[in-house]
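Read the numbers this way: they start at 1 and go in the same order the structure lists the ligands and their atoms. Model, not experiment: these values are computed from the prediction.
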Amino acid sequence: MSVIQVFGLTPLEGEISIQGSKNAVLPMAAASLLHRGITVLTNVPVIRDVACMVDILEYLGARCCHKGDCLVIDARHITGTSIPEKYVTAMRSSIVVLSALLGRMGEGRSCYPGGCLIGARPIDLHLMALEALGAEIKEHDGLIEARCRNKEGLKGTEIHLPYPSVGATEQAILASVLAKEVTVIHGAAKEPEISQLCRFLNNMGAVICGMGTDHVMIQGVEELHDSSFRVEGDRIVAGTYAAAVMAATGSITLKEVRAAELELPLEMLKRSGASVRKDSCCRQIRIEMKKRPQPLDIRTGPYPEFPTDLQSPYMAFLASGQGTSTIVEQVFEGRFATAKALGQMGAVVETEGQRAVIKGSYPLKGADVYASDLRGGAALAVAALAAEGKTLINDCRHIERGYEDICRDMAALGADIRWLDK
Ligand code: EPZ
């Protein structure tokens, strides 16, 4: 079991490059199945979720090579059509492989992903989009079987998403790329990872426009071609390290990240007392924090609203600030699990339904805590930087799903943090 040890109260100083985006690369890797050839992705993070996606692709017959930050996927010979249960339960986003299988093989099977620590996470909108495109979906004993109703494959249509779900939008896009005629997704998610996925697909020969808006249009094509694409920096990892300097104080530069994707989170840092300098042409953000964080009122929501993935790291630094902050979590109903562990560290956080009230207190106290989920685990590392004495964060496998090496990065910024068993 991986454990992180942190001794807090050291200001951060220095610069780091931000790893490639997890939530961008996962659907891209799945989409590579649509092409009967080679896809090369660079700036791919070395994290557990990418390893899991590679396992799925290999299980289905692709040959993959992930060396350094480069992932080569040879999908010339795909033989499988079922995503094994162990992968769907290990990583819920593996469900997006279903649409790639439908597009490539005309059928796909997956088990039904269950609930998890951040909320129920249903997939009704994914299935609705696939059905609208001409898939027949049968569900029995927790298994989903999807098959093209028509021998010619899926057919373009108008899809109306009642909520801009990231996963359902990706599922609909992947299913439409090789479908006949035109698909329009109304109410699409506008997250930067969706725009990146569309740019990646266009680079492979797909014809997609409107990404980044509510209406994404896909003109189906007969086939794709070999391509190479560089994944952008991970805005959530960057936001986590921004939260870290808020908790620890100091001055850091984050490189290889697009400030425009973090507009509201950076604005919140300024309101909380930081000086933020964005250098868009060099993809750099400099954050300087010299005092305790001032209180904020945050509401999470679909992009461009405040990202739910940064809710826990921001809660962590606000807990070590001054005054009373509030957070309303509007995306996942179960995403306050970290509040309890923060409480063990001396934080004063009260949650009721979707609302958390955080009363800043400084310093927090080092404690023996457990990471309950990916971002919540990273939030504990953020809180530990503002804590007196030793913090041990147990069960860090969740953190390793999305952060290449949180200890390497925070230590490069001067934090006293290390893995105990690596
Ligand atoms: C993606 O999850 C991200 N995961 C999440 O990242 C992120 O928190 C989330 O988008 C929101 O930004 C990946 O990209 C791999 P949604 P996803 O579908 O696609 C409801 C991280 O830490 N909904 O936009 O699952 C759902 O219950 C994570 O990296 C339905 O009701 O998010 C939720 O309340 C975890 N029916 C809301 O929509 C559906 O069919 C948003 O979910 C689908 C979703």
Distance filter under 4.0 Å to [X] heavy atoms, resulting ligand 1 atoms:
{"X": "Thr308", "value": "8 (O), 11 (C)"}
{"X": "Gly167", "value": "18 (O), 19 (O)"}
{"X": "Ser93", "value": "15 (C)"}
{"X": "Tyr163", "value": "37 (C), 38 (O), 41 (C)"}

Around [atom], find the nearest protein heavy atom and jot down its residue, atom name and distance.
{"atom": "atom 18 (O) of ligand 1", "result": "Ser165 OG, 2.7 Å"}
{"atom": "atom 27 (O) of ligand 1", "result": "Pro122 CD, 3.1 Å"}
{"atom": "atom 36 (N) of ligand 1", "result": "Asp124 OD1, 2.7 Å"}
{"atom": "atom 16 (P) of ligand 1", "result": "Val166 N, 3.6 Å"}
{"atom": "atom 8 (O) of ligand 1", "result": "Asp309 OD1, 2.5 Å"}
{"atom": "atom 15 (C) of ligand 1", "result": "Asn23 OD1, 3.2 Å"}
{"atom": "atom 35 (C) of ligand 1", "result": "Arg335 NH2, 3.6 Å"}

When you check the side-chain N and O atoms of [X] and [Y], is any donor under 3.5 Å from an acceptor?
{"X": "Thr42", "Y": "Arg230", "answer": "no"}
{"X": "Arg397", "Y": "Ser2", "answer": "no"}
{"X": "Thr300", "Y": "Glu329", "answer": "yes"}
{"X": "Gln311", "Y": "Arg375", "answer": "no"}
{"X": "Asp409", "Y": "Tyr403", "answer": "no"}
{"X": "Asp297", "Y": "Thr326", "answer": "yes"}

Any Lys/Arg nitrogen of Glu152 or Lys180 sitting under 4.0 Å from an Asp/Glu carboxylate oxygen of the other? no
Ion pair Asp309/Arg335, N-O distance below 4.0 Å: yes
Between [X] and ligand 1, does any nitrogen or oxygen pair lie at a separation below 3.5 Å?
{"X": "Val331", "answer": "yes"}
{"X": "Phe332", "answer": "no"}
{"X": "Lys22", "answer": "yes"}

Would you tell me which option among Arg121, Gln330, Glu333, Arg401 has the nearest heavy-atom contact to atom 2 (O) of ligand 1? Arg121
Tell me the nearest of His398, Arg375, Glu170 to atom 22 (O) of ligand 1, using heavy-atom distances. Arg375
Shortest non-hydrogen contact from Pro304 toward Lys190: CD-CE, 4.2 Å
Search all heavy atoms of Leu33 against all heavy atoms of Ala100 and return the closest pair with its distance. CB-CB, 4.0 Å
Measure Leu125 to ligand 1 on non-hydrogen atoms and call it side chain, backbone, both or neither using the 4.0 Å cut-off. both
More than 12 foreign heavy atoms under 6.0 Å from CE of Met91: is that the case here? yes
Do you see a protein non-hydrogen atom under 4.0 Å from atom 39 (C) of ligand 1? yes
